[in-house]
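Chain letters run A, B, ... following the sequence lines, proteins first and then strands; every chain starts at 1.
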Protein chains: 2
Amino acid sequence: MQQRELADLADLAAEMALHGKDRDDPAREVMGLLGDRWSTLILLVLGTGAFRHAELRRTLAQLSSEQAISQRVLTLKLRTLERDGFVARAVTADVPPKVSYALTPLGQDLHAQARHLIDWINARAPQIRDARERFDRADD
Amino acid sequence: MQQRELADLADLAAEMALHGKDRDDPAREVMGLLGDRWSTLILLVLGTGAFRHAELRRTLAQLSSEQAISQRVLTLKLRTLERDGFVARAVTADVPPKVSYALTPLGQDLHAQARHLIDWINARAPQIRDARERFDRADD
DNA sequence: CCGCATCCTAGGCGATACTG
DNA sequence: CAGTATCGCCTAGGATGCGG
C-alpha cells in the first residue's frame, strides 16, 4: 500500500499544479471561483445575455432571494472574471457612457462546465441528503 | 432585454436552489467543497486507494509541496466529506484500532467530475494566462 | 450609474498542546 | 495514531459614503 502511489502521485501533483501554494496557476483559482458565493451565479445569469451593472445586481438579488450582493463585491467578482477572460466589459461611447458585461466564448464554455456540474450535483442531491441524515442520526 | 429573462431566471433559481441562503441544499455546498483549499486534493488522493489519517496527511503534504494541512482541518474536511456520503470511514476491531478512509461509489463519481473539470481548466490554462497578461498590461 | 475607499465581521485555516 | 480544544491570523464579503 506504500509503493502504489509513487507513480500516481506524480501526475496528481501535475494535475492540480499545486507546486507552490499560490502559484498563478489557473486550476486552483478557477475551482475557487466556482466555489465562491457569487461567481457561479453571475456566470449563470450572464449566460442568458448581456447585463448592465445595476441590472445584474438586481437580478442576482432576485435569484438569491432578497439577499443582495454588495456592489463592491460585484465589481470585484466581475473584475476577476474579466481578468481571466471569462467576461467582457463593454463601454458605449454615449454620454453618459453605459457599461455592460457579457460572457466571452471562453466564459460560455466555463458556463457550460458549471451547469454540467450543477446538474450532476442536483441529480445526486437525494443521495447526499440521505447520507447527511444518516450521519447526523448515528452521531447522536 | 427585460422580458427575456423572466422565463430563464425561474429555472436558474431552481438550478442553483438558492432559495434562502444557507439552505441544506447540496448544490452550493458541494461547489464550495471543490473550491476550498483541500477537499478536492483529498478526493484526488483517495481516488488512488484507502488511506489512514496520518498517511493521508503526509501524502497531502508532499503533493502540496511541503505545505501541510493541519490535522484539525484534515479531520474537519474528512468529516464533511463523510457526512455527505463521499468518503467512508472504517475502523478495525484491532487493538489498537486503526482508522482508514476511502471513497464511496458516490465519492468516486464526484472524483471523476472533479478530474474532468480540472482537465478542462488545465487545457484552457494558456488562454487564461494570456487573458490575465493582457488585462494586467492594459490596466497600467 | 459605475466604481472606489474605508471600516467591520464571520469563517476558513494554521499552530500548538492535550486526551484516549 | 486519531481526535479535540484554544488561540490567533487573514481573507471574503457586507455597509456606507464619496467622486466621476
Side-chain angles (χ1 to χ4, degrees), chain A residues 1-2 18 21-22 28-42 50-61 64-83 87-102 135 139-140, chain B residues 1 18 21-22 28-29 31-42 50-61 64-83 87-102 135 139-140:
Chain A
M1 207 223 248
Q2 222 66 325
L18 276 173
K21 61 167 100 180
D22 286 329
R28 284 211 49 76
E29 285 136 297
V30 176
M31 299 288 283
L33 278 192
L34 296 179
D36 78 16
R37 178 84 181 76
W38 293 107
S39 299
T40 299
L41 196 53
I42 292 173
F51 279 77
R52 308 217 19 229
H53 185 106
E55 185 191 3
L56 178 55
R57 200 158 118 73
R58 261 177 274 121
T59 306
L60 289 168
S64 198
S65 177
E66 281 346 295
Q67 182 52 287
I69 186 175
S70 64
Q71 54 171 221
R72 188 181 78 93
V73 174
L74 178 54
T75 302
L76 279 177
K77 294 304 177 189
L78 285 170
R79 281 274 180 283
T80 304
L81 258 7
E82 189 195 356
R83 187 173 112 95
V87 162
R89 181 174 182 273
V91 185
T92 68
D94 298 344
V95 175
K98 309 196 172 199
V99 189
S100 73
Y101 297 90
F135 183 90
D139 162 73
D140 301 337
Chain B
M1 204 222 248
L18 276 174
K21 59 168 100 182
D22 285 331
R28 286 210 48 76
E29 284 136 298
M31 299 288 282
L33 278 192
L34 296 178
D36 78 16
R37 178 86 182 77
W38 292 108
S39 299
T40 299
L41 197 53
I42 293 174
F51 279 77
R52 310 217 17 229
H53 185 107
E55 185 191 3
L56 178 54
R57 200 158 117 75
R58 263 177 272 119
T59 306
L60 288 167
S64 198
S65 178
E66 282 345 297
Q67 182 54 287
I69 187 175
S70 64
Q71 52 173 227
R72 187 181 79 93
V73 174
L74 179 53
T75 301
L76 278 178
K77 294 305 176 187
L78 285 171
R79 281 275 180 284
T80 305
L81 258 7
E82 189 195 356
R83 186 173 113 96
V87 162
R89 181 174 182 274
V91 185
T92 67
D94 297 344
V95 175
K98 310 197 172 199
V99 187
S100 74
Y101 297 89
F135 183 91
D139 162 75
D140 299 338

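Legend: residues meeting side-chain hydrogen bond (donor to acceptor under 3.5 Å, both in side chains) with A:Arg83, ordered by chain and number and at least two apart, are B:Asp136. Remark: B:Arg72 pairs with no residue by the side-chain hydrogen bond (donor to acceptor under 3.5 Å, both in side chains) rule, at least two apart or across chains. B:Arg79 is linked by a side-chain hydrogen bond (donor to acceptor under 3.5 Å, both in side chains) to nothing, counting only residues two or more places apart in sequence or in another chain. In terms of the side-chain hydrogen bond (donor to acceptor under 3.5 Å, both in side chains) criterion, A:Thr40 has no residue partners (sequence neighbours excluded).
Residue B:Val99 has its side chain nearest to D:dG3 when only D:dG3, C:dC1, D:dC1 are considered.
Distance A:Arg28 CZ to C:dG12 P: 15 Å, rounded to the nearest Å. D:dA2 atom C1' lies 9 Å from atom CZ of B:Arg52, rounded to whole Å. At whole-Å resolution of the value, CD1 in A:Ile42 and C1' in D:dA12 are 13 Å apart. In this entry the distance linking NE2 of A:His53 with P of C:dC1 reads 11 Å, nearest Å. What separates CD of A:Glu55 from P of C:dG3 is a distance of 14 Å, to the nearest Å. When the P atom of D:dA12 is taken as reference, atom CG of A:Leu33 falls 11 Å away, rounded to whole Å. Taking atom CZ of B:Arg79 as the reference point, atom P of D:dA2 lies 12 Å away to the nearest angstrom. Computed from coordinates, the A:Glu29 CD to D:dT11 P distance equals 14 Å when rounded to whole Å.
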*Would B:His53 and B:Thr75 satisfy side chain to side chain contact (heavy atoms under 4.5 Å, CB included), going step by step from the backbone distance to the final call?*
CA-CA 8 Å; B:His53 185 107; B:Thr75 301; 3.3 Å; yes
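Judged by distance alone, the side chain of A:Arg28 and the main-chain N or O of B:Asp36 form a donor-acceptor pair under 3.5 Å.
Here A:Tyr101 reaches the OP1 or OP2 of C:dG3: one of its side-chain N or O atoms lies under 4.0 Å away. An OP1 or OP2 oxygen of D:dC1 is reached within less than 4.0 angstrom by no side-chain nitrogen or oxygen of B:Arg57.
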*Between protein and nucleotides 13-20 of chain D, map the contacts as a letter string: B base, S sugar-phosphate only, - none, heavy atoms under 4.0 Å, written 5' to 3'.*
BBB-B---
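To the nearest 0.5 angstrom, A:Leu56 atom CG is 4.5 Å from A:Leu60 atom CG. Residue B:Ile69 holds its CD1 atom at 12.0 Å from OG1 of B:Thr59, rounded to the nearest 0.5 Å.
Heavy-atom minimum distance, B:Glu82 versus B:Arg89: OE2-CB, 3.6 Å.
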*Using Watson-Crick or G-U wobble pairs with both distances under 3.5 Å, give me DNA chain D in dot-bracket, 5' to 3', with [ ] for crossers and | for pairs to another strand.*
||||||||||||||||||.|
